[in-house]
Amino acid sequence: MLRRAIALTTILVVLFFIGRWAFVGGEEGASAGQAAPEPQSAALSEPQATSGSGATVSTTASNVTDTAAIAPAVPATFDAEMGRLAGHRAIYDLKLAASNNGSGIAAAEGRMVIEFSDTCDGYALNQRLQMRLSDGEGAATATDFRVANWEATDGRRFRFATRHIVNGEEDQNFEGSAELKADGSGIVDYVKPEAKEETLPPGTIFPTMHTVQLIEAARAHKPLLTRTMFDGTNEDLGSNVVGVIGRVGDVAPPGLKGKGLDLLKGLPSWPVRLAFFGTGNNEELPEYEVGFRLYANGISGDIVLDYGDFSIDAVLSDIEALPRPAC
């Protein structure tokens, strides 16, 4: 169960990189500068454990065709007329949604807090996720995942730092920087867990640029988007991400109340299903899938993480806008 807990929190962190683009708009889709500081471990307030998301689709490596673009992804240039990314602080409550016999997961509870801010020359993310998983036989695993990163506005440069603590002991620690060329190929320079250099294949994009392209595809009525994304949260040099985008709607997260609801009121949004495949293998089924509603201001609503034999609900319970800097 320990390794599955580690994989689960990594997946949730990857998920919350999605959904930051601040342009407002959207129509009915197809079915289905100050220098940023070096990233450090997230220093958010201590989360206290607490006890209709994506489109339903079938995504396999063999049956998906990307109608948005098959060619290697080239990082887009920032368009000032489209607006800056929206800074915000959001809280998601985590709970077990479903569990099959043999999954080893009988209960789950926790919370994730994220802060996404404009740094004038890019965007910074600080995030902390704490969750407790139980197997029903008295054994439990407590995970604490902290992420801090920065990505340049044009999507070419990326700095990352992630730290994963399991049952009070550090399990994983990744830190470094990456830079892409015009064709999406690039270099990753790791500082932790050891100093080394790795190569990224052509067509690679970083998390915020993936969000830009995902919403651009939704606005253009394109139901599919396939990309290779590197986020620095684990030892993998990227994942092949197949995104299925559903029809636009005006749906408010049911668990969100008060002023936070005003940030989403009346905004168009799309149900999105992301399937993550490992690079360098020919598996037809994804390693995991994530379903959520993506709003036109970049906020992700309630989320369902489907890991095959169990799934986790992440319910958006609070959100507030963060002020823009004076660039």
Using the test side chain to side chain contact (heavy atoms under 4.5 Å, CB included), find all partners of [X] that sit at least two apart in sequence or belong to another chain.
{"X": "D236", "result": "N234"}
{"X": "E194", "result": "K196"}
{"X": "V241", "result": "H210, M229, S239, L274, F276"}
{"X": "I91", "result": "R89, D93, R111, V113, S317, D318"}

Exercise. Ignoring hydrogens and geometry, is there a side-chain-to-backbone donor-acceptor pair from D302 to L316 under 3.5 Å?
Worked result: yes
Problem set entry | Under 3.5 Å: donor-acceptor pair, side chain of S99, backbone of F310 | no
Exercise. Any idea how H164 and F145 line up, ring-wise: parallel (<30°), tilted (30 to 60°), or perpendicular (>60°)?
Worked result: parallel
Between [X] and [Y], is there a side-chain N and carboxylate O pair less than 4.0 Å apart?
{"X": "R163", "Y": "E170", "result": "yes"}
{"X": "R128", "Y": "D144", "result": "yes"}
{"X": "D250", "Y": "K265", "result": "no"}

Is there a donor-acceptor contact under 3.5 Å linking the side chains of [X] and [Y]?
{"X": "D121", "Y": "T119", "result": "yes"}
{"X": "T228", "Y": "N240", "result": "yes"}
{"X": "R227", "Y": "Q213", "result": "yes"}

Exercise. Checking side-chain contact (heavy atoms from CB on, under 4.5 Å) against V244, which of V272, L225, L224 comes through?
Worked result: L224
Exercise. When F206 is tested against each of D231, N149, L180, T211 for side-chain contact (heavy atoms from CB on, under 4.5 Å), which residue passes?
Worked result: L180
Exercise. What heavy-atom pair brings A178 and L200 nearest, and what distance separates the two atoms?
Worked result: CB-CD1, 4.4 Å
Problem set entry | With sequence neighbours excluded, residues passing side-chain hydrogen bond (donor to acceptor under 3.5 Å, both in side chains) with S177 | none
Problem set entry | Ring centres under 6.0 angstrom apart (F160, Y190) | yes
Exercise. Who passes ring-ring contact (aromatic ring centres under 6.0 Å, His included) against F174, sequence neighbours left out?
Worked result: none
